[in-house]
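Each remark here refers to the structure printed beneath this line.
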Amino acid sequence: MTGETPESQLLSLTEAARAAAGQDPFARPALSTALALSRRMDEGQLNLEGVAGIISALGRAAFLDRAAGLARKVGLDAALPADAALARLAARAARPDPADSPVPLARFRAVCEHPRAGAVFTAHPTFSLPRATGLALARAASGMAPPWPLPLRPVPPTLEEEFEQAAVAIAHGRDALDRLAAAFLATAREIWPDRWTVLDPRPVILASWVGYDTDGRTDIGWQDTLRLRLRMKRLQLARLVAQLAALPEACTAGLRMRAAEALEAVEAQLRACPPEGQPSAEAAQAFAHTLLNTRDAALTTPAPLLGLFPAALQAAPDDQVRLALCVARAGLVAHGLSLAHTQVRLNAAQLHNAARLRFPALGGGPEDPARRRALFTAINTALEEVRAEPVDTGGLMAARASAARLMMTVAQITKHIDASQPIRFLIAETESGFTLLAALLLAKLSGVEEHIEISPLFETAEALEQRGERVVEEALRSPHFRAYLRRVGRLCLQFGYSDSGRYIGQIAATHLIERLKLRVADLLERYELRGLEVVLFDTHGEGLGRGGHADGLAERFDYLDPPAVRAAFARHGIPTRLETAFQGGDGYLLFGTPALAQATVARIAEHAFAPLPDDKPDPVYAEGGFATDLFAGARAAFNGLVEDPGYAAMLGAFGPALLDRTGSRPANRQSDQGGPAAIRHPRELRAIPNNAVLQQLGFPANLMHGLGRGAAREPEAFQELLEHSPRFSNALAFARAGLKLSDAEVLRGYVASLDPGTWLDRAAKTSRPGRAAALLAVARALEELALGDAARGVFRRLRADDLMLRAAWPGQAPRMSDRLFALHALRLFLIHRIWLVAVSVPDFSPRHGITREDLVRRLLRLDVEAAVEHLDQVFPTTPPPEESLDFYEAPSPRHGGYGREQEEIIEPLRAMFSLVREISAVVSLDCGAFG
């Protein structure tokens, strides 16, 4: 249309195709839009430069929408600003009923000095934007105009870059926590003007496992963990030094001098720490010497610093200075000698191996049911007899088992860096109580059982439904573990959706996690451990980004920590702490600017202080039969989907190739020939890429598949719960979001592209010279790939449930936006053009065992980067070095390189695939998160 921009023309084309499909059941709007774009390119109306311009314009719109959504979700547009919200919380804590007198100071102190919530910064591969672009997004959400254009394709971060990004986010979080502490102190000053300075408010704390997570990573050595932990100590001390520098020197001179001395000593320790890679014995020895020689100066507890605060407060000239001193002290008390608490992580199998290596009587493993009783007897005997052994840096270097090495690293942290705060010891894939006892055994051996909080992770369907409760109970049967829990004062548990959401679906996993939390409350009552605090740490894995929720941050916390769970623990008299992960680039965005961090902390604190629900039960529990059947049915349906070979075929056909790397690990395995291996089961695709591939195919089935049949069976009950059950509606927000990001016609476009019949139909209709032969060649190649039939079968399965769910959804089910639909159609067009170029590759002699047919198959799987690299070797453009030499005879004709192949095949493949990946980045923006 005249006057329309190219992107608006595409949106108009998309809108018209979708409207026509509404009246024609045989229409294929995604494919027809892709075909229309292909014809425009054939006719010279569109070129790759124009496509890049369209992607950039749609990307800018998606960027601005995501920034607005981020601001909305954290509550930046809330009627009550963050500082006012914090002041209101503090006032309510002091005077729950405005008409009554304030509570006693002792009660207020207990309320504000006990951590109720925690934010944990983790480094899963969700760095879906370049660092500068992520910062621009956070600033745009905070009201600052972004520069444009901005790069959108992710750049995998190094460990150092992960740490730096986490440290910036944590620093913003600490600033926000200072404002929270100031709100409580200001309230106390107003009510108890002569006693308020005794308070150290810390209702929310921060923690991090960035640099300390060795589950599935081989790039983190013991010295890396120690170095990064020392840097967190340096950041904390530098923060304190800066806080004191802003206050009168007359009252802070002693504090300034001691903090500066500690900071200088930590700097010396950092300079001595071995760099990345395998450290030499001499470098490790020098580091150990420095650690020991500077330990007292560097401090191993904040107690010497805290002891100087009373004098500083006494000498302070006014209440504003006293308030600033109390805020600084509260941050030091809350986090010790670190910017955030420390959490280390590994896998249960690593623990078992280390325990067997050190204690041969524990051989066999907990997976052997014939030896289960003997195994538990043996480990309890070992726990009775074990005595702590010395730990030094030489022993740390010599340790063969990764779990033993990590436990020894923890010992070095507590001896030489900071003994004031417990270190969380997180264990992935815990499926037996033996694992917890093995962790305790290694902790006792290293002398750190008083300093660690052993925490199992439950995320598989089996762990959530059957094994989770048994794991905790098996550990509680051990008198040694019960004694350990009483000493540390808390039981720490992790819950995740990565594997459960991948194998049984998001909604079914939600149901199982809530049930497990309720069973844990009953279990502690049974073992008379009501005095323990329970930490419920949700590490996420949901399909709306790691920790995302369609309705915002406040709803996210209600989803993770539903009222029924809080009420159950309260009934048993068990205090709880909710901890939640902020993972990778997507998670750090919520702390990307001071304004975002303040709003995020306000939402965390509001949930932490939310009153318990009234006695009126939520309808989802009062009338639980339908909901239970719905979730059970969804689980069974999704499990059937996962076991369908067509599902793996659909996920693995080319979906992983749509994704740039967003972390340190590849999305899936590689074949022996170097290309992507065929995925035979979703377990071969990691959890985050699994979710991301579903987003990129325009159908996040993990969010809603399986609900349709149950909803269609009792649509009135389904609608009733959605309208009247807050818990059900909150959980089903994921399904609603899934419907909004889904369109069966988009998925049909990708599936039909794998079908040779689609290309035969195009060949029958084309009138372009030479095109029919190319289309037939694509059809033949796809026939050999043999993915079409299986993918079509699973598409029908998904489509049927989608139709039933949309029909049962009250009102009108959410619909994919025209912009997102257009992006998918544009990418289909590019994929089709890549395949047409692929079959035009001329024959060549096999090189490194790769034939032309192998290369075409790679290109059909969109393994374009590797294929182009190989083509560059087969068809080089650079002349051989001997061409410029004189060989003392009349020269033979020189025919140069393969310029035509480069111009017509290699460069177009490279350019089109770059645009395919650029679209993937925009799709992630439009979806609101990566995976």
*Can you check ring pair (Phe, Tyr, Trp, His ring centres under 6.0 Å) on F591 and F582, steps first, answer last?*
CA-CA 9 Å; F591 292 83; F582 292 87; 5.0 Å; yes

- [ ] Let me see the working for R424 and E579 under salt bridge (charged side-chain N to carboxylate O under 4.0 Å, His left out), right down to the final yes or no.
- [x] CA-CA 12 Å; R424 186 76 52 78; E579 293 189 358; 3.0 Å; yes

Tightest non-hydrogen contact, residues L590 and T600, listed as O-OG1, 2.8 Å

- prompt: Do the side chain of S742 and the main chain of G738 share a donor and acceptor less than 3.5 angstrom apart?
  reply: yes

Non-hydrogen side-chain atoms of R796 and R799 separated by less than 4.5 Å = no

So D551 and R556, salt bridge (charged side-chain N to carboxylate O under 4.0 Å, His left out) or not? Walk me through it. CA-CA 8 Å; D551 297 333; R556 165 181 168 179; over 6 Å; no

Minimal heavy-atom distance between P682 and N690, with the atoms involved, is CB-OD1, 4.3 Å

d(L58 CG, L823 CG) to nearest 0.5 Å is 5.0 Å

query = Are R72 and D77 close enough for a salt bridge, meaning some N to O gap below 4.0 Å?
reply = no

Note: N730 and E555 closest approach over all heavy atoms is ND2-O, 3.1 Å

Applying ring-ring contact (aromatic ring centres under 6.0 Å, His included) to F734 and not counting sequence neighbours gives H549, Y559

Interatomic distance, CG@L596 vs OG1@T593, rounded to 0.5 Å, equals 3.5 Å

Review point. For the side chain of D743 and the backbone of G698, is there at least one donor-acceptor N/O pair under 3.5 Å apart?
Key: no

### Heavy-atom donor-acceptor pair, D801 side chain to H705 backbone, under 3.5 Å
no

task = Describe, in one word, how the ring planes of F121 and Y588 are oriented to each other, choosing from parallel (under 30°), tilted (30 to 60°) and perpendicular (over 60°).
result = tilted

Could you tell me if the side chain of E714 sits less than 4.5 Å from the side chain of E720, heavy atoms only? no

- Message: Tell me if a side-chain donor or acceptor on R116 pairs with a main-chain N or O of R577 at a distance below 3.5 Å.
- Response: no

Notebook entry, point to check: When the ring planes of F626 and F728 are compared, do they come out parallel, tilted or perpendicular, using 30° and 60° as the limits?
Noted result: tilted

Contacts satisfying side chain to side chain donor-acceptor pair (under 3.5 Å) that involve residues 803-817 (not counting sequence neighbours) are D802-R806

Does the side chain of I919 reach to within under 4.5 Å of the side chain of L826, using non-hydrogen atoms?
yes

Item to complete: Check whether any side-chain N or O of H572 sits under 3.5 Å from a backbone N or O of I574 as a donor-acceptor pair, and report yes or no.
Response: no

Note to self: Do the side chains of D618 and R727 get close enough for a salt bridge, i.e. N-O under 4.0 angstrom?
What the structure shows: no

Scanning both residues in full, the closest heavy-atom pair of A929 with Q695 reads O-OE1, 3.4 Å

(message) For D538, is there an ion pair with K517 - N to carboxylate O distance below 4.0 angstrom?
(response) yes

Salt bridge (Lys or Arg N to Asp or Glu O under 4.0 Å) filter on R60, not counting sequence neighbours, yields none

- Derivation of the side chain to side chain contact (heavy atoms under 4.5 Å, CB included) call for L630 and L707: CA-CA 7 Å; L630 179 73; L707 291 171; 3.9 Å; yes

Quiz item: Got more than 12 heavy atoms from elsewhere within 6.0 Å of CZ, R709?
Solution: no

Quiz item: Heavy-atom distance under 4.5 Å between the side chains of V565 and L536, does that happen here?
Solution: yes

> Stepwise, does the side chain to side chain contact (heavy atoms under 4.5 Å, CB included) test hold for M650 with L798?
Replying inline: CA-CA 11 Å; M650 187 187 77; L798 291 166; 4.0 Å; yes

Nearest heavy-atom approach of P456 to C492 is CD-O, 3.3 Å

Parallel, tilted or perpendicular: which describes the rings of F638 and Y647, with under 30° parallel and over 60° perpendicular?
perpendicular

*Residue pair Y750, H824: steps toward the ring pair (Phe, Tyr, Trp, His ring centres under 6.0 Å) verdict*: CA-CA 9 Å; Y750 291 114; H824 285 291; 5.8 Å; yes

* Is a side-chain donor or acceptor of T126 paired with a backbone partner of Q583 at a separation under 3.5 angstrom? -> yes

Under a 3.5 Å threshold, yes or no: a donor from one side chain and an acceptor from the other, between H540 and T580?
yes

Please check this pair: side chain of T133 against backbone of L129, looking for a donor-acceptor N/O pair closer than 3.5 Å.
no

So CG of L70 and CG of L76: to nearest 0.5 Å the spacing works out to 7.5 Å

field: Min side-chain heavy-atom separation E606-L89 under 4.5 Å
entry: yes

Requested in this report: Answer yes when R179 and D83 have at least one side-chain N-carboxylate O distance shorter than 4.0 Å, and no when they do not.
Outcome: yes

| Hey, does the side chain of R502 reach the backbone of L685 with a donor-acceptor pair shorter than 3.5 angstrom? | yes

Minimal heavy-atom distance between A692 and F930, with the atoms involved, is CB-CZ, 3.7 Å

Rounded to the nearest 0.5 angstrom, the OH-CD distance for Y503 and E459 is 9.5 Å

For E15, the side chain to side chain donor-acceptor pair (under 3.5 Å) test, sequence neighbours excluded, returns none

R827 meets the salt bridge (Lys or Arg N to Asp or Glu O under 4.0 Å) criterion, sequence neighbours left out, with none

dist L177:CG -> H172:NE2 (nearest 0.5 Å) comes out at 13.0 Å

Contacts of F821 meeting ring-ring contact (aromatic ring centres under 6.0 Å, His included) (sequence neighbours excluded), chain-then-number -> none

Q | Worked verdict on D926 versus R819 for salt bridge (charged side-chain N to carboxylate O under 4.0 Å, His left out) | A | CA-CA 9 Å; D926 226 325; R819 182 177 67 210; 3.0 Å; yes

* Asked: Are side-chain heavy atoms of P115 and V204 found at a separation under 4.5 Å?
  -> no

Checking S455 side chain against L426 main chain: does a donor-acceptor pair fall under 3.5 Å? no

Would you please test R736 and K740 for side chain to side chain contact (heavy atoms under 4.5 Å, CB included) and show each step? CA-CA 6 Å; R736 172 166 40 84; K740 187 176 181 180; 5.9 Å; no

Please test D586 against R66 for salt bridge (charged side-chain N to carboxylate O under 4.0 Å, His left out), starting from the C-alpha separation and ending with a verdict.
CA-CA 11 Å; D586 287 345; R66 183 166 177 193; 3.2 Å; yes

Quiz item: Do H681 and E643 get their side chains close enough for a donor-acceptor pair, meaning under 3.5 Å?
Solution: yes

*Please confirm whether the backbone N or O of D818 pairs with a side-chain atom of T14, one donor and one acceptor, at under 3.5 Å?*
no

Here the gap from T539 atom OG1 to F458 atom CZ, rounded to the nearest 0.5 Å, amounts to 11.5 Å

